[in-house]
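Residue numbers start at 1 and run along the sequence shown.
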Amino acid sequence: MATSKSTNTYNRQNWEDSEFPILCQTCLGDNPYIRMSKERYGKECKICSRPFTVFRWCPGARMRYKKTEVCQTCSRMKNVCQTCLLDLEYGLPIQVRDAALKIKDDLPRSEVNKEYYIQNIDAEINKLDKTIPGGQLGKSQAASDILLKLARTTPYYKRNRPHICSFWVKGECHRGEECPYRHETPTDPDDPLADQNIKDRYYGVNDPVAHKLMRRASAMPKLEPPEDKSITTLYVGNLSDKIGEKELRDHFYQYGEIRSITMVPRQMCAFIQYVNRHPAEMAAEKTFNKLIMGGRRLNIKWGKSQGRQGPSGEQTYDPVPGLPGPLPPPPVELRDNFFNLSGTTPSASTSAGDLAGTSILQPPPMFMPVRPPTAATAVLRPTIAPPPFFFPPQMRMPMFPPQPPPLCPPGTAPPLPPESAIAPPGTAAAAAVHYPSQDPRRLGASEKGAPSTIA
């Protein structure tokens with residue numbers, strides 16, 4: 001008995017014939033002038049097993065060629081990319097999105113039920129706008145905090161790199177730089193991210209990337225409000241040139257009345273001050289790690305206190321915990337002895353008679369006029385002999401040492417030496433005087449034939 005054939009075998013009305021694929025920005029690439037190859041009914045969908053139009057292209061230089069994996073009906077039913085099967089709006093796996101939006105997947109797994117279900121969904125999707133997702137996702141419009149925190153705002157082109165060359169890993173690749181695959185050491189094979197498949201990602205079960213993102217979401221820090229209730233200012237960072245005061249005011253005014261907005265274009269940030277504390281707390285809770293404006297995720301923090309103003313207009317600070325206490329005051333007898341000199345400091349009750357034989361080594365203050373000595377000051381401040389120099393008097397150097405007498409008076413020639421000091425010519429003493437270049441030994445004469453220089 002012959003087995004019955006599937007509907008796709010003879011009913012070509014269910015086959016897909018499209019003009020352009022449904023792709024995310026990462027899979028499409030950064031090149032605006034991309035070239036694609038189109039093949040009608042090239043392969044069957046990995047989910048519904050229906051033939052569909054296959055597109056193939058290269059997203060950029062040094063990237064691998066990519067192609068569509070599922071049909072457009074399955075793509076619109078889950079609002080995912082036809083190649084990477086990630087959400088088109090958030091760039092997250094289906095498991096993370098469905099868990100955040102609390103969507104239950106009711107897609108059947110058997111062949112007959114799946115074919116009937118997809119035919120009905122295809123008929124409903126064709127009646128709607130092609131830009132609106134179908135299925136359970138089209139009915140759920142509520143936003144989620146987890147999605148806003150984990151959403152990818154920029155394309156991740158690193159995902160388009162070529163696969164690792166298996167011949168290079170074994171040491172058998174002879175292509176060198178012409179090899180279109182990557183020559184890199186592979187990751188750990190026990191890594192759970194190395195075990196991914198299309199069907200698990202589409203159905204939202206056992207997706208290792210989704211598990212990694214869920215753990216990251218649970219470990220994200222929270223923005224705690226400061227204890228000072230007078231702080232009503234929020235710091236907004238990572239601004240772009242397209243975001244100005246009007247855009248910030250239009251978004252943050254929904255949480256409460258704004259007192260002022262201070263823009264700092266040089267630092268690409270702004271400070272938003274609310275009138276009351278409750279709207280500031282609500283704005284911080286609703287926008288922390290969730291606010292995306294101008295294609296950027298804005299950094300939200302609480303502003304710092306400007307300090308409480310004291311009665312004199314100066315800022316007062318709280319003591320730092322853990323520091324040692326103040327030092328105890330010095331003794332009474334050393335309170336005014338700044339230079340730790342020997343002796344005692346006179347007090348108000350000390351009489352002049354008690355200080356007659358006491359030597360007080362307290363120097364007068366500098367740059368103060370010296371008063372003429374009196375009877376009282378002579379007792380209180382006796383004359384102190386200057387300390388001796390470091391060297392004895394015989395070793396002291398005068399300030400201006402004596403100069404030697406001049407050789408001759410100015411304007412006259414130096415005197416000639418006496419005649420007795422000049423040897424007459426022809427004598428042995430005169431012969432002994434010669435220049436070094438006239439040394440007979442240097443001229444080649446022997447010591448025996450050299451003239452005697454003994455007088």
Side-chain angles (χ1 to χ4, degrees), residues 7-8 12-29 34 36-59 64-101 103-109 111 113-141 147 151-152 155-156 159-160 196-205 207 209-210:
T7 307
N8 295 330
R12 292 195 175 186
Q13 293 181 356
N14 295 329
W15 294 9
E16 177 191 307
D17 185 8
S18 57
E19 296 295 334
F20 196 83
I22 301 176
L23 302 174
C24 61
Q25 185 63 34
T26 300
C27 294
L28 193 60
I34 192 172
M36 286 188 178
S37 63
K38 173 183 174 183
E39 184 181 3
R40 296 180 59 186
Y41 317 133
K43 286 188 176 182
E44 63 178 18
C45 177
K46 298 293 181 64
I47 304 299
C48 64
S49 302
R50 297 190 305 172
F52 71 104
T53 304
V54 178
F55 295 89
R56 188 173 182 269
W57 72 98
C58 182
R64 72 175 187 272
Y65 274 84
K66 308 190 75 173
K67 59 181 175 56
T68 52
E69 303 291 345
V70 296
C71 64
Q72 292 194 4
T73 302
C74 297
S75 173
R76 294 180 60 186
M77 188 166 51
K78 291 284 189 176
N79 194 33
V80 295
C81 174
Q82 284 188 257
T83 301
C84 63
L85 272 70
L86 296 179
D87 187 78
L88 293 174
E89 184 177 358
Y90 303 104
L92 300 174
I94 297 178
Q95 184 175 353
V96 178
R97 184 197 63 189
D98 292 352
L101 298 179
I103 298 177
K104 186 177 180 181
D105 185 19
D106 54 354
L107 182 64
R109 305 297 177 89
E111 295 294 335
N113 294 338
K114 182 168 53 177
E115 183 177 352
Y116 176 76
Y117 179 82
I118 290 178
Q119 285 183 2
N120 296 336
I121 291 294
D122 193 10
E124 294 179 3
I125 290 178
N126 291 333
K127 299 178 183 179
L128 302 175
D129 187 5
K130 293 185 178 181
T131 60
I132 299 176
Q136 296 292 332
L137 182 62
K139 303 177 183 179
S140 177
Q141 300 295 337
L147 295 181
R152 184 177 294 275
Y156 185 64
R159 198 168 62 219
N160 299 334
Q196 304 181 31
N197 59 81
I198 291 179
K199 290 190 176 181
D200 287 348
R201 175 163 295 178
Y202 185 84
Y203 290 113
V205 293
D207 192 353
V209 180

Margin query: With a 4.5 Å cut-off on side-chain heavy atoms, are Glu16 and Cys45 touching?
Written below: no

task = Could you walk me through whether Asp200 and Tyr202 pass the side-chain contact (heavy atoms from CB on, under 4.5 Å) test, one step at a time?
result = CA-CA 6 Å; Asp200 287 348; Tyr202 185 84; over 6 Å; no

Fill in: Side-chain heavy-atom pair Arg50, Asp122 within 4.5 angstrom cut-off
yes

Val209 meets the side-chain contact (heavy atoms from CB on, under 4.5 Å) criterion, sequence neighbours left out, with Pro93, Leu193, Gln196, Arg201, Asp207, Leu213

*Criterion side-chain contact (heavy atoms from CB on, under 4.5 Å) on Asp87 and Asn79, from CA distance to verdict*: CA-CA 6 Å; Asp87 187 78; Asn79 194 33; 3.9 Å; yes

Value for CG (Leu23) from CH2 (Trp57), rounded to nearest 0.5 Å, stands at 4.0 Å

Quick check: do Ile47 and Met77 have side-chain heavy atoms less than 4.5 Å from each other? no

Closest non-hydrogen contact found for Cys48 with Ile118 is CB-CD1, 3.1 Å

Applying side-chain contact (heavy atoms from CB on, under 4.5 Å) to Asn120 and not counting sequence neighbours gives Tyr116

Nearest heavy-atom contact between Cys81 and Cys84 is CB-SG, 3.6 Å

- Any donor-acceptor pair under 3.5 Å from Gln72 side chain to Phe20 backbone: yes

- Task: Kindly determine whether Glu69 and Lys43 satisfy salt bridge (Lys or Arg N to Asp or Glu O under 4.0 Å), including the steps that lead there.
- Result: CA-CA 9 Å; Glu69 303 291 345; Lys43 286 188 176 182; over 6 Å; no

Geometric cation-pi criterion, Arg109 with Tyr203: 6.0 Å, 45°:
yes

Q | Short side-chain to backbone donor-acceptor contact, Gln82 and Ile22, under 3.5 Å | A | yes

Would Glu89 and Arg97 satisfy side-chain contact (heavy atoms from CB on, under 4.5 Å), going step by step from the backbone distance to the final call? CA-CA 10 Å; Glu89 184 177 358; Arg97 184 197 63 189; over 6 Å; no

Taking atom types as modelled, is there a side-chain donor on Thr26 or Arg152 under 3.5 Å from an acceptor on the other?
no

Separation between CD1 (Ile125) and CZ (Arg76), nearest 0.5 Å, reads 5.5 Å

The reported gap from NZ in Lys199 to CG in Leu85 (rounded to nearest 0.5 angstrom) is 12.0 Å

message: I'd like to know if the side chain of Thr68 and the backbone of Thr83 have a donor-acceptor N/O pair within less than 3.5 Å.
response: no

Here the gap from Asn160 atom CG to Arg64 atom CZ, rounded to the nearest 0.5 Å, amounts to 6.0 Å

Note to self: Has Ser75 got a side-chain atom pairing as donor or acceptor with Val80's backbone, closer than 3.5 angstrom?
What the structure shows: yes

For this session: Evaluate side-chain contact (heavy atoms from CB on, under 4.5 Å) for Arg159 paired with Cys27, printing each intermediate quantity in order.
Result: CA-CA 8 Å; Arg159 198 168 62 219; Cys27 294; 4.3 Å; yes

Heavy atoms of Leu147 and Ala100 approach each other most closely as CG-CB, 3.7 Å

Rounded to the nearest 0.5 angstrom, the OG-NZ distance for Ser18 and Lys38 is 6.5 Å

Here the gap from Asn113 atom CG to Leu107 atom CG, rounded to the nearest 0.5 Å, amounts to 10.5 Å

| Heavy-atom distance under 4.5 Å between the side chains of Val70 and Lys78, does that happen here? | no

